[in-house]
**Student:** 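Below is one structure. I have some questions about it.
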Amino acid sequence: MARPRRTRRGRGHRAGTGGGTVLRPLYDAVLLDRDGTLIEDVPYNGDPEKVRPVPGAREALDRLRAAGFRLAVVTNQSGLARGYFTERQMHAVHARIEELLGPFDHWAVCPHDDTDGCACRKPAPGLVHEAARALGTAPRRCVLVGDIGRDMAAALAAGAAGILVPTPVTRPEEVAEAPAVARDLPGAVTEILRRDRAVRPVVPRTGRAGTVLVARSDSAGDVLVTGPGIRAVAAGAERVVLLCGPRGRAAAELLPGVDEIIEWPLPWIDGSPGPVDPDDMRRLTSRLAAVGADEAVAFTSFHQSPLPLALLLRMAGVPRISAISDDYPGSLLDVRHRVPDGVPEPERALSLAAAAGYALPAADEPVLRLRPDLPAPAVDLPAGDYLVVHPGSSAPARACPPELCAEIVAALAADGHRVLVTGGPGERALTARVAAAGGADLGGAADLAGLARILAGARCVVVGNTGPAHLAAAVGTPVVSLFAPTVPFGQWAPYRVPTVRLGDAGAACRDTRAAVCPVAGHPCLGNLDPAGVVAAVRRLVPG
Ligand SMILES: [Zn+2]
């Protein structure tokens, strides 16, 4: 049902802002569900006269067109399979929609119903793949706007972003699960344009900076999601020195663009901090002064303060400091940046880099990435296809119970998969117990770089919201995310890789940021059905 592509200047050809370079936009295309999103839902409608656009649709779509986005419709039309209307009637409806809402660059339609087992009916990702291909881009460079959970699931399974615009028929659990929610279509468009603007420097730098000190404390995952922001800084600086914590050191070693690493625990960031030692803070201040940085960019997560570090950086004589702070920074910051809730962490970091004047160059794009020269793991990987189950987590509240992980391994093995169970040196007892159900135990067998290589070879990874999920994203491997809702999914989901979210998004631990589950029975992950994991793997790894 494709129609010829109109020629239009792609978004990558727009004039960029930074030092004459052309910046890549955050997204190339916006994909839109039809019924309930673009037009009011009239079940199985084959009559053009009954087409009613949602309020503000034409103006919102024209804003996207004016900004250079390509637009496609991705729609399940099982009325075709059921004989409720003909293809000719559907085309008449689509012609009417274009009359009212303006042209779309592609229509991706699934004509099947649930009994066909096709690869295109949402929540399967087929329509997203088709639309991205037809628009000359990749799913990870698309954002899908839709009104129900199937739309969000299809977007995520393809590696695209999703924004839910609920209607009265949208179920509360679909709203809870969505990576992002807008009140209506114009609101979703405003959010897409805002996110795209946020990663572009308002005031581009003139010339390269000298030495820039970037900081990102906390664990491996936190460091990995900051990678795009650090690469943006590195693209505009002679030298980048990264301050990280002990738990983030191994991840810091994997990041492109980092010339030197300073490892130091920061007691205002660490989850189980030691006391503040004045001598240690004095030593850190002199170490920071010895860097001789021309400026510093202090990256944080959405619930951390950059201000204690900014004070030390000031005492170390750093002349220009940029950070995100809702709290009043006084004279601690030269660039005080603010970010609304719900922004994916990698984009949050990119937006701080942009506020400081740095952007990813055209040759790069906003994805997680590792150094290309990773050492091979010290373990022999199986020759054929395999899946990885990683049962551990940096916080117990975000871990799936071990007995359930074992059931998941057994279910995947029974479905014909070869399963490798990975874990750190401190997780050997856990991985042995889980692997005994039908997988190969690789607990403690590899360091983080080795784990990256193991994940890169996997068809899919089953993991909670913890470092290896972001490591998988950085090597482009699809993730079945067993996601405890203690932090927002939209901020911490594996970034721009095919993903299926599992777990109860509406559980009572939601948004508590708890390290240990505050709810008896750990219901957000404890009630997972292993059959759901098998189905998720099938959605991500067809065949
Ligand atoms: Zn289909």
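Counting convention: from 1, in listed order, for ligands and their atoms alike.
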**Student:** Starting at CG of L144, measure out to OG1 of T37 and round the result to the nearest 0.5 Å.
**Tutor:** 8.0 Å

**Student:** Working to the nearest 0.5 Å, report the span between CG of L224 and CG of L471.
**Tutor:** 6.0 Å

**Student:** Less than 3.5 Å apart, which donor and acceptor atoms pair up between the side chains of residues 475-490 and the rest of the protein, not counting sequence neighbours?
**Tutor:**
unit_1 : atom_1 : unit_2 : atom_2 : d
T477   : OG1    : L455   : O      : 2.8

**Student:** Mind checking what makes side chain to side chain donor-acceptor pair (under 3.5 Å) contact with D116, not counting sequence neighbours?
**Tutor:** none

**Student:** If you leave out waters, which protein N, O or S atoms are less than 2.8 Å from the Zn ion (ligand 1)?
**Tutor:** C110 SG, H112 ND1, C118 SG, C120 SG

**Student:** Mark yes or no: R70 above the aromatic ring of Y27, with NZ or CZ under 6.0 Å from the six-membered ring centre and no more than 45 degrees from the axis.
**Tutor:** no

**Student:** Indicate every side-chain donor-acceptor pair of residues 394-406 with a distance under 3.5 Å to a residue at least two apart or in another chain.
**Tutor:**
unit_1 : atom_1 : unit_2 : atom_2 : d
S394   : OG     : T466   : OG1    : 3.4
R398   : NH1    : N465   : O      : 2.6

